[in-house]
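Residue numbering restarts at 1 for every chain, and letters A, B, ... go by the order of the sequence lines.
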There are 2 protein chains.
Amino acid sequence: MNVQEGKDKFIQSWGALGSNWGVSRTMAQIHALLLIAPHALSAEDIMEDLKISRGNANMNIRALMDWGLVYKELKTGERKEFFVAEKDMWDVVKKIIAQRKKKELEPMLKVLEELSAVEGNDPESQNFVQVVRDIKLFSNKANATLDKLVQSDSNWFVKVFMNMI
Amino acid sequence: MNVQEGKDKFIQSWGALGSNWGVSRTMAQIHALLLIAPHALSAEDIMEDLKISRGNANMNIRALMDWGLVYKELKTGERKEFFVAEKDMWDVVKKIIAQRKKKELEPMLKVLEELSAVEGNDPESQNFVQVVRDIKLFSNKANATLDKLVQSDSNWFVKVFMNMI
DNA sequence: CAGAAGTTTCAGAATTAATTGAAAATAAGA
DNA sequence: TCTTATTTTCAATTAATTCTGAAACTTCTG
C-alpha cells in the first residue's frame, strides 16, 4: 500500500469512527487529516483535500477547536490561519470525555435530581423513586470517576492498564 | 411532581442521552420505560405508552435484546411475549462498552494493522507510519483495558472509584 | 481610507437515518 | 388442518442531520 492510499483509508476510517462519538463525520475526517499532516494546514488545504465546501470546513474546524482537538497556528508573514491537531491520543480521549460529560452526563444528573422529588405512597411511585435513586447513585460515582480521569495525566492510563493486566 | 410527569420526563431524558451512545432515541426510550416499569411489558404496552408503531417497537426491542439490555420473559398461560430491562447500571454500561468495542474499536484496530504496511522512505511515508504506530499502540492498550473492564464485576468499579477519590 | 485577502454565517439543498403500516411469516389451539 | 393471535419484515414515507455556496463581515495592507 502506498502512502496516499494509506492516508485516504485512515481518513475514511477515522471519519466513520468519529461519527459514533459525538464528532460528526467531517469533523473526524478533518482531525484525521491534521493528525497525519506533517505540518499545519490552512482551511483552503483542508477544503481541497477532503473536497468539502468552505462553510463546512469552517464550521467543523471551529467545532474541533471548541473541543480542544485542534489548535490554530499563526505563521509570521502569512495572513492565513493554519491548524494542527492534538496528537496525544490520551489527551484526545480525555477531551472527548470531558465534552460528553458536560453535555450529557451533567444534564442527566440534574434531571435525576429533579425526579427525586416525585411524591406518592403508592407502590408505583415508590418503585419509580427507588429506580431513580439507584441510577443517580451510580451516575454520581461515574461523574466523580470521570472527573478524576479527565484531570489525570497519561501515566494514569498506563498505571491502570498495568494493574489490570 | 407526580409520578406520571416524572416517568415522562425520565423517558424523554434517557432517550436524549441514549441517542448519543449508539443506542437510537427510541431504543433508549424503550429501555427507560422498562427500567421504571414495576413488571414486564408486552410489545403492545410499549407501543401504546410510547406511541410508536408496531414495526418500530419490534425492531428496537430486538436490538435491545441483541445488546443484552432487555430480556424476554414468558408468562405461563399467556401467548404474548413480555420484556424486562437489565436494571444494574454497571451491567448496562458494560454491555454498551462491549458492543461498541466490537463494532468500532476492533474494526479500527484491523485498519491500523493494515496501514502499518505502508511503504516508502520519504519523510511523508515515515511520518504517516509513525503516527499510525502511535495510535495503534494506544488503541491496543485501550482494547485490553476495556476487555478487563467488561469482564469485571460491580466491585471493580467501586474499587477504582474509591482509589480515585 | 479603499481594496484585497480571509473568515463567518445561514437559508435552502442534499444526504442519511428513523418510522410507519400493511403484508408476510410464524406459532399455538381447536 | 384450519383459524386466529402474535411477531417479523421491508418498501415507502417522514424526520433529522449535514453540507453547500453565496453574501456579509472582518482584518490587514498600501
Visitor: Take the protein atom CG of L50(B) and the nucleotide atom C1' of dA18(C), then report the distance between them rounded to whole Å.
Guide: 15 Å

Visitor: Rounded to whole angstrom units, what separation is found between the CG atom of L74(B) and the P atom of dT6(D)?
Guide: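 Computing the L74(B):CG to dT6(D):P distance gives 13 Å.
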
Visitor: For the helix from dC1(C)-dG30(D) to dA30(C)-dT1(D), measure the angle between the helix axis at one end and the axis at the other, each built from five pairs, rounding to 10°.
Guide: 20°

Visitor: Please report, rounded to the nearest Å, how far the C1' atom of dA17(C) is from the CG atom of N20(A).
Guide: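 N20(A) atom CG is separated from dA17(C) atom C1' by 13 Å.
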
Visitor: I'd like to know if the side chain of D134(B) pairs up with that of Q130(B) as donor and acceptor (distance under 3.5 Å, no hydrogens or angles considered).
Guide: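 Yes, a side-chain donor-acceptor pair sits under 3.5 Å.
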
Visitor: Within the structure shown, what part of the strands sits under 4.0 Å from E44(B) by heavy-atom distance: base, sugar-phosphate, or nothing?
Guide: nothing

Visitor: Does dT7(D) have its OP1 or OP2 closer than 4.0 Å to a side-chain nitrogen or oxygen of N58(B)?
Guide: no

Visitor: Is any side-chain nitrogen or oxygen of S24(B) closer than 4.0 Å to OP1 or OP2 of dA17(C)?
Guide: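 It does not, given that no N or O in the side chain of S24(B) lies less than 4.0 Å from OP1 or OP2 of dA17(C).
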
Visitor: Please determine, by modelled atom types, if N56(A) and N60(A) share a side-chain donor-acceptor pair under 3.5 angstrom.
Guide: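 Checked: N56(A)/N60(A) side chains pair up, N/O donor to acceptor below 3.5 Å.
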
Visitor: Between K101(B) and D147(B), does any side-chain N to carboxylate O distance fall below 4.0 Å?
Guide: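 Yes, K101(B) and D147(B) are salt-bridged.
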
Visitor: Between W21(B) and R100(A), is there a cation-pi geometry (under 6.0 Å to ring centre, at most 45° from the normal)?
Guide: yes

Visitor: If you measure only the distance, is there a donor-acceptor pair under 3.5 Å linking the side chains of D8(B) and Q12(B)?
Guide: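 There is no such pair (donor and acceptor under 3.5 Å, judged by atom type) between the side chains of D8(B) and Q12(B).
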
Visitor: In whole angstroms, how far is the P atom of dT8(D) from the CD1 atom of I46(B)?
Guide: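 Computing the I46(B):CD1 to dT8(D):P distance gives 12 Å.
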
Visitor: So, for S116(B) and K136(B), which heavy atoms are closest and what is the spacing to 0.1 Å?
Guide: OG-NZ, 2.8 Å

Visitor: Roughly, in whole Å, what's the span from CG in N60(B) to P in dG21(C)?
Guide: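 In whole Å, dG21(C) P and N60(B) CG are 16 Å from each other.
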
Visitor: Would you indicate whether K110(A), at its atom NZ, is surrounded by more than 12 heavy atoms from other residues, nucleotides or ligands within a distance under 6.0 Å?
Guide: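 Incorrect, the count does not exceed 12.
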
Visitor: Roughly how many Å is it from CZ in R62(B) to C1' in dT19(C), rounded to a whole number?
Guide: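 So the two atoms are 15 Å apart, to the nearest Å.
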
Visitor: Write down the distance between CD (E73(B)) and C1' (dT6(D)), rounded to a whole number of angstrom.
Guide: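 Computing the E73(B):CD to dT6(D):C1' distance gives 18 Å.
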
Visitor: Taking protein heavy atoms under 4.0 Å as touching, what does nucleotides 21-30 of chain D look like 5' to 3' if B marks base contact, S marks sugar-phosphate-only contact and - marks none?
Guide: B-----BB--

Visitor: Hey, does the side chain of K95(A) reach the backbone of L69(A) with a donor-acceptor pair shorter than 3.5 angstrom?
Guide: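 No; judged by distance alone, with no hydrogens or angles, the pair does not exist.
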
Visitor: Using whole Å, what does the distance between atom C1' of nucleotide dT18(D) and atom CD1 of I30(A) come to?
Guide: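 Rounded to whole Å, this separation is 12 Å.
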
Visitor: Is the phosphate of dT15(C) approached by R25(A) (side-chain N or O, under 4.0 Å from OP1 or OP2)?
Guide: no

Visitor: Just so I know, are the side chains of Q4(A) and F128(B) near enough to count as touching, which here means a heavy-atom distance under 4.5 Å?
Guide: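 When only atoms from C-beta onward are counted, F128(B) and Q4(A) do not touch, as no gap falls below 4.5 Å.
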
